[in-house]
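Note that the structure is a prediction, hence the values are computed from the model and not measured. Computation of the quantities below employed the complete heavy-atom set of this structure, encompassing side-chain atoms and omitting hydrogens, waters and symmetry-equivalent molecules.
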Amino acid sequence: KQLGKELATLKETHLRAADKHVETEFSVFSEILSNPLADLYVYDGAEVIIYEAKKYSASVQDFYQLIMYWDGLVSDGIKPNEGVLLAPQHVKGLSLILGNYNSRLDANGNNYNFVLKTWEDEGIELLD
């Protein structure tokens, strides 16, 4: 959670749009009582990016959690532009699964757009 907060602060600092919105533990599927919390939601004034962040290796299960967040945004009437699975490393074969999923459409008929990134890609150094 601390890394997510650090990333949120970094994003908030770099975004210039007046209507920007950065939030950790962002609630999706608002119509249900026990709605899941996405690690990070970023609206940069034009696009929505949703994050699933892991301190260690990201797995297939983590990717499906990110899909759930995307679908939750769509269910809530928000159009996501990118879903980021963020970790220092990603299990072998995850990029293939992700690529195959990106050829699918969400409930609104828009292509999924998932990417794999590292903390380093986002400008955060991991310290143990």
Side-chain angles (χ1 to χ4, degrees):
K1 288 185 180 185
Q2 182 58 35
L3 287 170
K5 289 178 182 178
E6 188 176 335
L7 180 59
T9 300
L10 188 64
K11 294 291 183 186
E12 186 79 33
T13 302
H14 289 96
L15 297 177
R16 300 289 178 227
D19 59 345
K20 68 183 175 186
H21 181 85
V22 178
E23 187 174 332
T24 58
E25 298 185 343
F26 186 81
S27 179
V28 298
F29 285 112
S30 61
E31 74 278 356
I32 62 175
L33 295 177
S34 63
N35 42 340
L37 301 173
D39 291 334
L40 183 65
Y41 169 93
V42 176
Y43 174 68
D44 67 4
E47 295 187 336
V48 170
I49 304 168
I50 195 82
Y51 286 80
E52 170 61 8
K54 296 297 174 189
K55 184 174 182 180
Y56 303 106
S57 182
S59 68
V60 173
Q61 182 176 339
D62 299 324
F63 173 58
Y64 276 90
Q65 195 169 350
L66 180 60
I67 295 167
M68 175 183 61
Y69 298 150
W70 181 293
D71 290 343
L73 288 174
V74 170
S75 175
D76 291 342
I78 299 170
K79 181 189 177 295
N81 298 93
E82 185 175 68
V84 178
L85 184 52
L86 182 62
Q89 59 190 10
H90 303 86
V91 296
K92 184 177 178 179
L94 191 53
S95 60
L96 179 63
I97 294 168
L98 184 138
N100 288 335
Y101 218 93
N102 282 342
S103 66
R104 299 180 186 184
L105 302 178
D106 66 23
N108 285 338
N110 298 309
N111 277 94
Y112 287 103
N113 181 27
F114 297 111
V115 297
L116 303 177
K117 289 188 178 180
T118 66
W119 288 99
E120 186 178 314
D121 293 337
E122 292 289 348
I124 295 178
E125 182 180 345
L126 291 181
L127 303 173
D128 277 337

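- By the 4.5 Å heavy-atom criterion applied to side chains, Phe26 and Val28 are counted as neighbours.
- Checked against side chain to side chain contact (heavy atoms under 4.5 Å, CB included), Ser30 has the following partners two or more places apart in sequence or in another chain: Asp76.
- Of all heavy-atom pairs between Glu122 and Tyr51, the closest is OE2-OH, 3.2 Å.
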Solution key, residues 87-103 side-chain donor-acceptor pairs under 3.5 Å, sequence neighbours excluded:
residue : atom : partner : partner atom : Å
His90   : NE2  : Leu85   : O            : 3.0
His90   : NE2  : Lys117  : O            : 3.3
Asn100  : ND2  : Leu96   : O            : 3.4
Asn102  : OD1  : Phe114  : N            : 2.7
Asn102  : ND2  : Phe114  : O            : 3.0
Ser103  : OG   : Asn100  : O            : 2.7

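- For Gln61, the side chain to side chain contact (heavy atoms under 4.5 Å, CB included) test picks out Ser59, with sequence neighbours left out.
- Residue pairs that meet the side chain to side chain donor-acceptor pair (under 3.5 Å) test with at least one member in residues 105-114, sequence neighbours left out, are Trp70-Asp106, Asp71-Tyr112.
- Scanning both residues, Val74 and Pro80, for their nearest heavy atoms gives CG2-CD, 3.8 Å.
- Leu105 and Met68 are members of different hydrophobic clusters when ILVMFWY side chains are connected at heavy-atom separations under 4.5 Å.
- Side-chain contact between Leu40 and Ile50: absent, with no pair of heavy atoms (C-beta onward) separated by less than 4.5 Å.
- In terms of modelled atom types and a separation under 3.5 Å, the side chain of Asn81 and the main chain of Ile49 share no donor-acceptor contact.
- For the pair Glu52 and Tyr69, the tightest heavy-atom approach, listed with the atom from each and the gap, is OE1-CE1, 3.1 Å.
- Follow the hydrophobic side-chain contacts under 4.5 Å out from Leu37 and you never reach Leu66; the two are in separate clusters.
- Atoms CD and OH, on Glu47 and Tyr43 in that order, are 9.5 Å from each other to the nearest 0.5 Å.
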query: Passes side-chain contact (heavy atoms from CB on, under 4.5 Å), Asp39 versus Thr24? Steps please.
result: CA-CA 5 Å; Asp39 291 334; Thr24 58; over 6 Å; no
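- Scored by the side chain to side chain donor-acceptor pair (under 3.5 Å) test, Asp121 finds Thr118 as partners (sequence neighbours excluded).
- Taking Glu31 as the reference, Ser75 meet the side chain to side chain donor-acceptor pair (under 3.5 Å) condition, with sequence neighbours excluded.
- The CH2 atom of Trp119 lies 10.0 Å from the NZ atom of Lys55; values are rounded to the nearest 0.5 Å.
- Between atom CD1 of residue Ile67 and atom CZ of residue Arg104 there is a gap of 7.5 Å, rounded to the nearest 0.5 Å.
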